[in-house]
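A short worksheet on the structure shown next.
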Number of protein chains: 2
Amino acid sequence: MTELLKGVLEGVVLQVIQNSQETYGYQITNTLIELGFQDIVEGTVYTVLLRLEKKNLVTVEKRKSTVGPARKFYRLNDAGVAYLADFWRKWAFLVDQLVKIKH
Amino acid sequence: MTELLKGVLEGVVLQVIQNSQETYGYQITNTLIELGFQDIVEGTVYTVLLRLEKKNLVTVEKRKSTVGPARKFYRLNDAGVAYLADFWRKWAFLVDQLVKIKH
DNA sequence: AACTCTTACCTAGTAATACTAAGTACTGGA
DNA sequence: TCCAGTACTTAGTATTACTAGGTAAGAGTT
């Protein structure tokens with residue numbers, strides 16, 4: 001399963017961020033687990049987030065929390081929205097190809 | 001696109017082999033290109049084939065050709081068939097997850 | 001105060017995999 | 001003879017997800 005995730009996880013995390021307008025790593029991890037990615041580990045999500053930050057697809061804002069350490073809140077910026085749209089286009093294309101091959 | 005292929009390509013190649021009962025690397029590459037994987041390069045397919053061989057998912061038979069060097073013909077063995085079925089299960093699962101996340 | 005649990009983030013190292021960019025070799029035709 | 005098409009191989013690299021830790025803040029318990 002893990003190899004199938006390659007390249008997908010980035011788009012998935014971007015989509016999760018977009019779905020909630022604004023969210024942070026710990027919450028994203030839990031969301032993914034709830035959605036069925038049982039094996040996703042915190043560390044993996046954080047490396048994706050750092051990558052998205054480095055690629056300038058998200059904005060980051062650190063804010064204190066009353067129940068633990070400060071949270072880093074992520075939002076998509078314009079480049080992130082475009083990147084996500086492109087991800088879904090590529091994904092749809094891939095799904096199409098695989099359907100063709102299967103038959 | 002290339003990152004999205006990770007993990008998928010192995011299943012795709014297995015399926016292409018199964019579709020034609022028996023085939024060889026050069027032909028698989030051309031089939032994939034025809035099917036829309038424009039950017040697939042020979043070298044990539046051959047490394048996948050060697051991997052499938054190493055994992056014991058295929059049988060190999062070298063036979064002479066009248067139009068060039070000898071061809072290595074691949075067939076799925078039982079393990080290959082099972083592996084391919086498992087690939088499609090995982091793929092279906094992933095597609096489901098992504099549909100959920102998108103909405 | 002010391003402890004534990006939950007929350008929250010970070011990172012060094014590793015494995016898997018696809019691509020780059022070559023190279024080798026066989027056959028047939030110009 | 002040279003070239004184009006056929007056919008396979010491989011060393012090196014980049015990307016990416018996981019392993020397996022570690023750090024730290026707050027709240028409640030003892």
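So that the names make sense, note that chain A is the first sequence line, chain B the second, and so on, each numbered from 1.
If you take CD of A:Glu42 and P of D:dA17, they are 17 Å apart, rounded to a whole angstrom. The nearest whole Å value for the distance from the CD1 atom in B:Ile40 to the P atom in C:dA18 is 8 Å. In this structure, A:Lys90 atom NZ and C:dA18 atom P are separated by 16 Å, rounded to whole Å. Atom NZ of A:Lys64 is separated from atom C1' of C:dT7 by 16 Å (rounded to the nearest Å). Rounded to an integer number of Å, the gap from B:Glu61 CD to D:dC8 P is 13 Å. Between B:Leu50 atom CG and C:dA16 atom P the separation is 16 Å, expressed in whole Å. In this entry the distance linking NZ of B:Lys55 with P of C:dA15 reads 15 Å, nearest Å. Distance, A:Asp39 CG to D:dA20 P: 14 Å, rounded to whole Å.
Among the atoms of the strands shown, only primed sugar atoms or phosphate atoms (P, OP1, OP2) are found under 4.0 Å from some heavy atom of A:Leu9. Using a 4.0 Å heavy-atom cutoff across all strands shown, B:Thr47 reaches at least one base atom of the nucleic acid.
In terms of phosphate contacts, A:Lys72 brings a side-chain nitrogen or oxygen within less than 4.0 Å of OP1 or OP2 of C:dC10. Using a 4.0 Å cut-off, some side-chain N or O of A:Tyr46 falls inside it from OP1 or OP2 of C:dC9. Distances shorter than 4.0 Å separate none of the side-chain N or O atoms of A:Ser65 from OP1 or OP2 on D:dA25. An OP1 or OP2 oxygen of C:dC19 is reached within less than 4.0 angstrom by a side-chain nitrogen or oxygen of B:Thr44. Taking 4.0 angstrom as the limit, A:Arg51 places a side-chain polar atom (N or O) nearer than this to OP1 or OP2 of D:dA17.
Between the side chain of B:Thr31 and the main chain of B:Gln27, a donor-acceptor pair closer than 3.5 Å is present. A donor-acceptor pair under 3.5 Å is absent between the side-chain atoms of B:Tyr74 and the main chain of B:Glu53, judged by distance alone. Using a distance-only test at 3.5 Å, with no hydrogens or angles considered, no donor-acceptor pair links the side chain of B:Thr23 to the main chain of B:Ser20. The closest donor-acceptor contact from the side chain of A:Asn77 to the backbone of A:Asn56 lies under 3.5 Å.
For the segment residues 12-31 of chain B, the set of residues with a heavy atom within less than 4.0 Å of an atom of DNA chain D comprises B:Tyr24, B:Gly25, B:Tyr26, in numerical order.
The listed nucleotides are C:dA18, D:dA17, D:dA7; the one nearest the side chain of A:Val48 is D:dA17.
Comparing A:Ala70 and A:Val8, the nucleotide of DNA chain D nearest to each residue sits closer to the 5' end for A:Val8. Of the two residues near DNA chain D, B:Lys62 and B:Pro69, the one whose nearest nucleotide lies more 5' is B:Pro69.
Ion pairing between a basic and an acidic side chain is recognised when a charged N comes within 4.0 Å of a carboxylate O; B:Asp96 and B:Lys100 show no such pairing. Between A:Arg63 and A:Glu61, at least one side-chain nitrogen of the basic residue sits less than 4.0 Å from a carboxylate oxygen of the acidic one, meeting the salt-bridge criterion. Taking the charged nitrogens against the carboxylate oxygens, A:Glu3 and B:Lys6 have no contact shorter than 4.0 Å, which rules out a salt bridge.
The aromatic rings of A:Trp91 and B:Trp91 lie tilted to each other, with the angle between the two planes from 30° to 60°.
Between the base of D:dT15 and the side chain of A:Lys6 there is no donor-acceptor pair shorter than 3.5 Å.
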